[in-house]
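Written out below as structure tokens is the structure these notes cover.
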Amino acid sequence: MSPELVSSKEDSVLKAIISDIHANLEALIAVMAHIDDQGIDEIICLGDIVGYGPNPAECVDIVRDRCRIVIRGNHDEALIHGPIGFTPMAKEAIEWTRKKLQPRFWKSGSKERWTFLENLQTQDTWNGYLLVHGSPRDPTSEYIMDREVHLGDPQKFTEIFSSFDKICFVGHTHIPGVFYEGPHFVPQREIEGPFAYDGQKAVINVGSVGQPRDRDPRACYLTVQPDDDVFQYHRVDYDADATRQRIYSIPPLNNQLGDRLLDGF
Ligand code: ZN
């Protein structure tokens, strides 16, 4: 059970799905340029626009401006309702982010930005696909980890696969790849080029723009040909060292958050 590799049709309409930007402006700009180079007119964002990174306001503004559907991530949720179950490093970062983004009458646009983040939806459907940040069972918070395929609770996968029809797109773990019923996981690095929906339900993790964790430091996102159910991963180089330096210059952001960008882990 591996993704069915196909050739991409020249004239197909292309859309893009991004996730887990985590306030990494350099990565987001590089991904947007890559998307624009392909003439893509519709972008979906699966959440975690903020948290960990040094440029939350700029990233929220780009996502607000460019993405047609935006789903709430657990860091976006923590910004509004407080961090629950966060590591001290993630908590400190979200508290710094809240100070940066909290609306102030003298900061132009801050109210609109905050209202946008407050009103994000936890799930949506698009072209018959389910869109969530984490998992269909718990859209904002539940992780679907690759290692659970062997070690996890089989009931979890049964419940997840029974809760959508064709494809469910997720982010949250920052590890791109495709889960099939079984369960079975195929990491992004083993998928070369476009692949198609072939009748097997799949949970497709689109990876992370701003903090990849699959030991490939390049930004990750997915393009979709919705008419043909064809998907393709893209990895995009960006100046991770510039983001790291910016993180170093903000004391509430732990230096490890910068260092991990160079390792992609
Ligand atoms: Zn995330």
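Start at 1 with the first residue, then count along the sequence. Below, all heavy atoms of this structure are taken into account, side chains as well, without hydrogens, waters or symmetry copies. Ligands are counted one by one from 1 in listed order, and the atoms in each one are counted from 1 as well. Since we're looking at a predicted model, the values are computed, not measured.
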Counting only protein N/O/S, how many atoms fall short of 2.8 Å from the Zn ion (ligand 1)? 4
Under 6.0 Å between ring centres: does that hold for F169 and F231? yes
Running the 4.5 Å side-chain criterion over Ile, Leu, Val, Met, Phe, Trp and Tyr, what cluster does V13 land in, apart from itself? none
Between F185 and H150, is the gap from one ring center to the other below 6.0 Å? no
Pairs in or reaching into residues 159-170: which pass salt bridge (charged side-chain N to carboxylate O under 4.0 Å, His left out), with residues at least two apart or in two chains? R137-E159, K166-D229
For the residue pair F195 and Y233, does the interplanar ring angle fall in the parallel (under 30°), tilted (30 to 60°) or perpendicular (over 60°) class? parallel
Could I get the full list of salt bridge (Lys or Arg N to Asp or Glu O under 4.0 Å) partners for D138, not counting sequence neighbours? none
